[in-house]
Colleague: 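The structure that follows is given in the form of structure tokens.
The figures that follow rest on heavy atoms only: side chains count, while hydrogens, waters and symmetry mates do not. Given the structure is predicted, the values throughout are model-derived calculations rather than measurements.
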Amino acid sequence: MTNITQPSNLPIIDQHSSPKCVRVCQNRTCKKQGAVKILAAFIALPIPGVTVTASSCLGQCGNGPMVLVLPDMVWYSSVQSDEVSLLIENHLLGGQRVQQMLYYRFHPQK
């Protein structure tokens, strides 16, 4: 018996064309570190084609507030509300990561 594979009808996900989603952790530790203000800052500056959502725990407690940009898989840590506009301008609109805000565990400095 021969296995025949057919091409999938599922779309191929392209990081550059997929809609972006910003997840802001709203779990206990991140909330204590100011995550509510971070989420509010993102919502106050809406970006066409970018969805901003409150997230449950992202599993990086103590390093927050944590922000995860999908589908890029870019993690930002210790984000402050006055830095949200920089993140929006550079990463979400300009396509450039904000180096000084990258989470060291997933984005080691070179």
Side-chain angles (χ1 to χ4, degrees):
M1 184 170 168
T2 305
N3 287 336
I4 300 173
T5 58
Q6 295 182 356
S8 170
N9 291 331
L10 297 174
I12 296 171
I13 297 174
D14 178 2
Q15 278 184 205
H16 303 291
S17 66
S18 294
K20 291 209 186 305
C21 177
V22 176
R23 298 184 70 195
V24 182
C25 180
Q26 296 296 299
N27 212 36
R28 285 180 282 187
T29 307
C30 281
K31 266 189 167 177
K32 287 179 186 174
Q33 295 172 318
V36 173
K37 288 182 182 178
I38 307 308
L39 182 59
F42 273 108
I43 291 170
L45 299 167
I47 309 116
V50 177
T51 303
V52 176
T53 61
S55 173
S56 57
C57 184
L58 292 172
Q60 305 305 315
C61 301
N63 295 293
M66 295 301 300
V67 172
L68 173 59
V69 180
L70 298 171
D72 302 353
M73 289 304 294
V74 176
W75 293 74
Y76 292 104
S77 63
S78 303
V79 178
Q80 302 301 307
S81 57
D82 62 351
E83 296 173 320
V84 169
S85 60
L86 178 68
L87 203 151
I88 289 170
E89 287 174 32
N90 287 13
H91 188 138
L92 299 174
L93 297 174
Q96 299 296 315
R97 296 175 178 187
V98 183
Q99 293 297 319
Q100 68 271 23
M101 294 170 61
L102 290 173
Y103 182 39
Y104 71 91
R105 186 172 280 165
F106 298 126
H107 307 288
Q109 298 298 318
K110 295 176 181 167

Colleague: On a heavy-atom basis, which atom in Ile38 and which in Val79 lie closest, and how many Å separate them?
Modeller: CD1-O, 3.2 Å

Colleague: Report yes or no: do Leu87 and Val50 belong to one cluster of Ile/Leu/Val/Met/Phe/Trp/Tyr joined by side chain heavy-atom distances under 4.5 Å?
Modeller: yes

Colleague: Can you hop from Val22 to Leu93 via hydrophobic side chains spaced under 4.5 Å?
Modeller: yes

Colleague: With distance as the sole test, does Tyr76 use its side chain to make a donor-acceptor pair with the main-chain N or O of Val98 at under 3.5 Å?
Modeller: yes

Colleague: Roughly how far, to the nearest 0.5 Å, is the NE2 atom of His107 from the CE atom of Met73?
Modeller: 8.0 Å

Colleague: What distance do Leu58 atom CG and Leu68 atom CG have between them, rounded to the nearest 0.5 Å?
Modeller: 6.0 Å

Colleague: Tell me which pairs pass side chain to side chain donor-acceptor pair (under 3.5 Å) where either residue lies in residues 48-64, with sequence neighbours left out.
Modeller: Arg23-Ser55, Gln60-Tyr103, Gln60-Arg105, Asn63-Tyr103

Colleague: Please evaluate residues His91 and Asp72 with respect to the criterion side chain to side chain contact (heavy atoms under 4.5 Å, CB included), reporting the C-alpha separation (whole Å), side-chain torsions for both, the decisive distance (0.1 Å), and the verdict.
Modeller: CA-CA 10 Å; His91 188 138; Asp72 302 353; 2.7 Å; yes

Colleague: Between Pro71 and Pro19, what is the shortest heavy-atom contact and its length?
Modeller: CD-O, 3.5 Å

Colleague: Determine whether a donor-acceptor pair (N or O, by modelled atom type, separation under 3.5 Å) exists between the side chain of Gln109 and the backbone of Tyr104.
Modeller: no

Colleague: Answer yes or no: does atom CD of Gln96 have more than 12 heavy-atom neighbours from other residues, nucleotides or ligands under 6.0 Å?
Modeller: no

Colleague: For Arg28, what residues pass the side-chain contact (heavy atoms from CB on, under 4.5 Å) criterion, not counting sequence neighbours?
Modeller: none

Colleague: Quick check: closest heavy atoms across Gly62 and Thr29, and the distance to 0.1 Å?
Modeller: N-CG2, 3.5 Å

Colleague: Once side chain to side chain donor-acceptor pair (under 3.5 Å) is applied, what residue pairs with a partner in residues 30-48 remain, sequence neighbours excluded?
Modeller: none

Colleague: Measure across Pro65 and Ala35 and return the closest heavy-atom pair with its distance rounded to 0.1 Å.
Modeller: CG-N, 3.8 Å

Colleague: Determine whether Leu92 and Leu102 fall in the same hydrophobic cluster, where Ile, Leu, Val, Met, Phe, Trp and Tyr are linked whenever their side-chain heavy atoms lie under 4.5 Å apart.
Modeller: yes

Colleague: Out of curiosity, Gln100 CD to Leu86 CG, how far, rounded to the nearest 0.5 Å?
Modeller: 6.0 Å

Colleague: Check side-chain contact (heavy atoms from CB on, under 4.5 Å) between Ala44 and all other residues, then give those that pass, not counting sequence neighbours.
Modeller: none

Colleague: Tell me every residue that passes ring pair (Phe, Tyr, Trp, His ring centres under 6.0 Å) with Phe42, counting only those two or more places apart in sequence or in another chain.
Modeller: none

Colleague: Might you point out which heavy atoms bring Ala41 and Ser81 nearest each other, and give the distance in Å?
Modeller: CB-O, 4.1 Å

Colleague: Consider only side-chain heavy atoms of I, L, V, M, F, W and Y, link residues closer than 4.5 Å, and tell whether Met101 and Leu45 are in one cluster.
Modeller: yes

Colleague: At their closest point, which heavy atom of Ser78 faces which heavy atom of Glu83, and how far apart are they?
Modeller: O-OE1, 3.7 Å

Colleague: I'd like to check the side-chain contact (heavy atoms from CB on, under 4.5 Å) partners of Ile43; sequence neighbours left out, ordered by chain and number.
Modeller: Leu39, Val52

Colleague: Would a single hydrophobic cluster contain both Val36 and Val24, if residues Ile, Leu, Val, Met, Phe, Trp and Tyr are joined by side-chain heavy-atom contacts under 4.5 Å?
Modeller: no

